[in-house]
Amino acid sequence: MFDPLHLEATIEALVVDDDLESDRGAYVEELRGRVRAAKVTMGRARKALEAGWDPAELRDIYNAAAAEKQVAERALAALPEQQSLSRDQLVTYVDQLGDVGRALDAADPAELSALYEALKLGQTYNYADQSVGVEIDPLADRVAKYRVRGGTPARSRRIPARCR
């Protein structure tokens, strides 16, 4: 992934993910527009009340606008801070990582096992094509699945980090 052969593709994939920032900006603007629209509706309801309209008729309109404003404000407050990296910053960070593969190859197996366990890294071996799929799943419950002797042939098995 970070080796010289794949570095450019990795950087491009990371830059493409940055397009999500523009989607986030559009969503933030939509939420702000909903807040503004709700404030306008609430202001009109107040003016109508001052002009002598029946409060019972305006109550539902005002309450709906106030609820919409509150929902949009909570959604805005719940958005995490977004930090964008430029392409040059990404290249610099990847260069600082160095050769990750070489570092992992030279690492102490006990330390690697602890790292894999902390990352919730799992490996799935496919015996048919003799390949290993690697995934990081922070929500994984780390259940090990093994083939039972003589039963239905298993296509793959998940090897927990602590068993490697």
Side-chain angles (χ1 to χ4, degrees), residues 1-2 6-97 100 104 111-126 131-146 152 154-164:
M1 183 157 93
F2 294 112
H6 300 100
L7 180 60
E8 190 60 34
T10 301
I11 296 294
E12 285 303 316
L14 292 170
V15 170
V16 167
D17 283 346
D18 193 40
D19 292 342
L20 296 176
E21 178 66 24
S22 62
D23 293 342
R24 182 184 187 275
Y27 180 61
V28 166
E29 192 50 45
E30 176 196 341
L31 290 173
R32 288 180 180 157
R34 288 169 49 189
V35 170
R36 285 190 300 271
K39 285 181 178 179
V40 167
T41 301
M42 292 166 64
R44 288 181 181 160
R46 277 192 216 102
K47 287 181 184 177
L49 185 61
E50 291 169 1
W53 283 46
D54 183 16
E57 292 179 20
L58 298 174
R59 180 183 57 228
D60 290 340
I61 295 170
Y62 186 88
N63 286 343
E68 175 65 22
K69 177 179 174 270
Q70 188 177 31
V71 166
E73 287 175 337
R74 284 185 180 165
L76 278 169
L79 284 174
E81 287 296 318
Q82 197 75 1
Q83 296 179 350
S84 292
L85 295 175
S86 70
R87 181 181 176 76
D88 292 338
Q89 288 172 316
L90 285 171
V91 170
T92 301
Y93 287 142
V94 170
D95 284 344
Q96 289 174 351
L97 284 174
V100 175
L104 290 174
E111 290 177 358
L112 275 180
S113 180
L115 173 66
Y116 294 162
E117 187 74 28
L119 291 173
K120 307 273 194 237
L121 184 131
Q123 299 175 346
T124 305
Y125 178 73
N126 185 328
S131 65
V132 176
V134 179
E135 63 183 26
I136 294 177
D137 185 2
L139 303 176
D141 59 346
R142 310 308 299 155
V143 174
K145 300 174 186 170
Y146 293 98
T152 306
R155 296 226 176 252
S156 65
R157 67 180 180 145
R158 187 170 180 83
I159 304 167
R162 63 183 171 278
C163 293
R164 289 184 286 282

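What you see below is based on every heavy atom in this structure, not just the backbone, and it leaves out hydrogens, waters and symmetry mates. Not measured: the values here are computed from a predicted model.
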To the nearest 0.5 Å, atom CG of L49 lies from atom CD1 of I61 at 11.5 Å
Residues at least two apart in sequence or cross-chain that pass side chain to side chain contact (heavy atoms under 4.5 Å, CB included) with D54, listed by chain then number, are A56, E57
Here the gap from L31 atom CG to R74 atom CZ, rounded to the nearest 0.5 Å, amounts to 14.0 Å
Those residues at least two apart in sequence (or on a different chain) that pass side chain to side chain contact (heavy atoms under 4.5 Å, CB included) with A48 are W53, L58
side-chain hydrogen bond (donor to acceptor under 3.5 Å, both in side chains) filter on R59, not counting sequence neighbours, yields none
Residue set satisfying salt bridge (charged side-chain N to carboxylate O under 4.0 Å, His left out) with E73, at least two apart, ordered chain then number -> K69
Value for CZ (R46) from CD (E50), rounded to nearest 0.5 Å, stands at 8.5 Å
**Prompt:** Does the side chain of L79 come within less than 4.5 Å of Y27's, by heavy atoms?
**Reply:** yes
Sequence neighbours excluded, the answer for side chain to side chain contact (heavy atoms under 4.5 Å, CB included) partners of A67 is none
Atom pairs and distances, donor-acceptor, side-chain atoms in residues 32-44, under 3.5 Å, two or more places apart:
residue : atom : partner : partner atom : Å
R34     : NE   : E68     : OE2          : 2.5
R34     : NH2  : E68     : OE2          : 3.0
R36     : NH2  : E29     : OE2          : 3.0
T41     : OG1  : A37     : O            : 3.1

